[in-house]
There are 2 protein chains.
Amino acid sequence: MAHFFREKLKEKGLKVTPQRVAIYEAIVNLKNHPTAENVIEYVKTNHPNISVGTVYKVLDSLVENELLKKVKTEKDIMRYDAVLSNHHHLYCTETERIEDYEDENLNEMISNYFKNKKIKNFKVQDIKLQITGKFNK
Amino acid sequence: MAHFFREKLKEKGLKVTPQRVAIYEAIVNLKNHPTAENVIEYVKTNHPNISVGTVYKVLDSLVENELLKKVKTEKDIMRYDAVLSNHHHLYCTETERIEDYEDENLNEMISNYFKNKKIKNFKVQDIKLQITGKFNK
DNA sequence: TTCTTAAATAGGAATCATTATCTTTTAAAT
DNA sequence: ATTTAAAAGATAATGATTCCTATTTAAGAA
Ligand SMILES: [Mn+2]
Ligand SMILES: [Mn+2]
Ligand SMILES: [Zn+2]
Ligand SMILES: [Zn+2]
């Protein structure tokens, strides 16, 4: 489970520390693209002495090393994503809920569209959809 | 030019103040989806005494009243958009540049796609693309 | 295993974008 | 011109994030 993660850390030349493993697992388990605060709260149940600064530093370094991604929002509170595969996000207009949306057909359609239609003066690297709306119930 | 804006304020029951007009014009003129700080700097050239709190309050209220939109980013500094029409954004991976991208064909293709393909437990209200990449030159 | 050392963490102070509070001013209706 | 609720200005407070530094530790070398 965390094997993949420990290997990745080594690949990147980062030390495998209990804090890093715990923070990564927190993000995987929490779902819903947690904030740093969510992570701190979760990790503290098993690592009561973890430092707030450590969490922020680890999150930054994991993003830097492409083991996590930041999620774009309209808030000044950062949220994190452990899902690295190419996927989109469903944003709730009424709550802070953000869910993953995977759709291979959609990816292909968009990718095809931009094979023809080039954007002048811009080299596309990645395309993500922000789908806003309401979840049922 | 600011006629549209003054009318909109009245429609919404908001007083037409020089500060509101100046802030709105700042966002229109600045392009690049400015931050509150960008707006403050710009507005101060003509309104040296404008208060920082006023700028934040006006920005919030204009977003609330749908005269401005917030732009989603991976930063904890908010950015604002005066373009209300349905458009997408080009995010530079290397700088803070964010440009508008309008594409009616694309909108139609996506809109058609989601007429068939429903997302379970989710009612779509709006779809925006975040296109990340590099600008030439 | 023990030793060594650069990297990482803990703890706490500092930063800074944003909010809140409170007083004064003002848009706009009468 | 008067009235008044809304808005602006000034400044303090907040809170997420960053910074700083002493201490600890992961991991390679011996
Ligand atoms: Mn912040
Ligand atoms: Mn904040
Ligand atoms: Zn995700
Ligand atoms: Zn825009």
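Every chain is numbered from 1, with letters handed out A, B, ... down the list of sequences. Owing to the predicted nature of the structure, the values given are computational and were not obtained by experimental measurement.
- The end-to-end axis angle of the helix from C:dT1-D:dA30 to C:dT30-D:dA1, rounded to 10 degrees and based on five pairs per end, is 40°.
- Whole-Å rounding puts the B:Lys75 NZ to C:dT15 C1' distance at 17 Å.
- Distances were taken from every side-chain heavy atom of B:Arg20 (C-beta onward) to each of D:dT17, D:dA7, D:dA26; the shortest belongs to D:dA7.
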List, one per line, each side-chain donor-acceptor pair under 3.5 Å for residues 114-126 of chain A, sequence neighbours excluded.
from: A:Asp126; atom 1: OD2; to: A:Lys128; atom 2: NZ; distance (Å): 3.4

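- Across residues 47-59 of chain A, A:Asn49, A:Ile50, A:Ser51, A:Thr54, A:Lys57, A:Val58 each have a non-hydrogen atom less than 4.0 Å from an atom of DNA chain C (numbered order).
- Below 30°, between 30° and 60°, or above 60°: for B:Tyr24 and B:Phe4 the angle between ring planes is between 30° and 60°, a tilted geometry.
- Of the options A:Ile27, A:Val28, A:Asn29, A:Ile40, a side chain to side chain contact (heavy atoms under 4.5 Å, CB included) to A:Pro34 is made by A:Ile27 and by none of the others.
- Taking Ile, Leu, Val, Met, Phe, Trp and Tyr as members and joining any whose side-chain heavy atoms lie under 4.5 Å apart, directly or through other members, the hydrophobic cluster of A:Ile98 also contains A:Val71, A:Tyr91.
- Atom CD1 of A:Ile77 is separated from atom C1' of D:dG15 by 9 Å (rounded to the nearest Å).
- Legend: residues meeting salt bridge (charged side-chain N to carboxylate O under 4.0 Å, His left out) with B:Arg6, ordered by chain and number and at least two apart, are absent.
- Look at CD on A:Glu37: it is 16 Å from C1' on D:dT18, rounded to the nearest Å.
- Considering only residues two or more places apart in sequence or on other chains, B:Glu96 meets the side-chain contact (heavy atoms from CB on, under 4.5 Å) condition with B:Lys75, B:Arg79.
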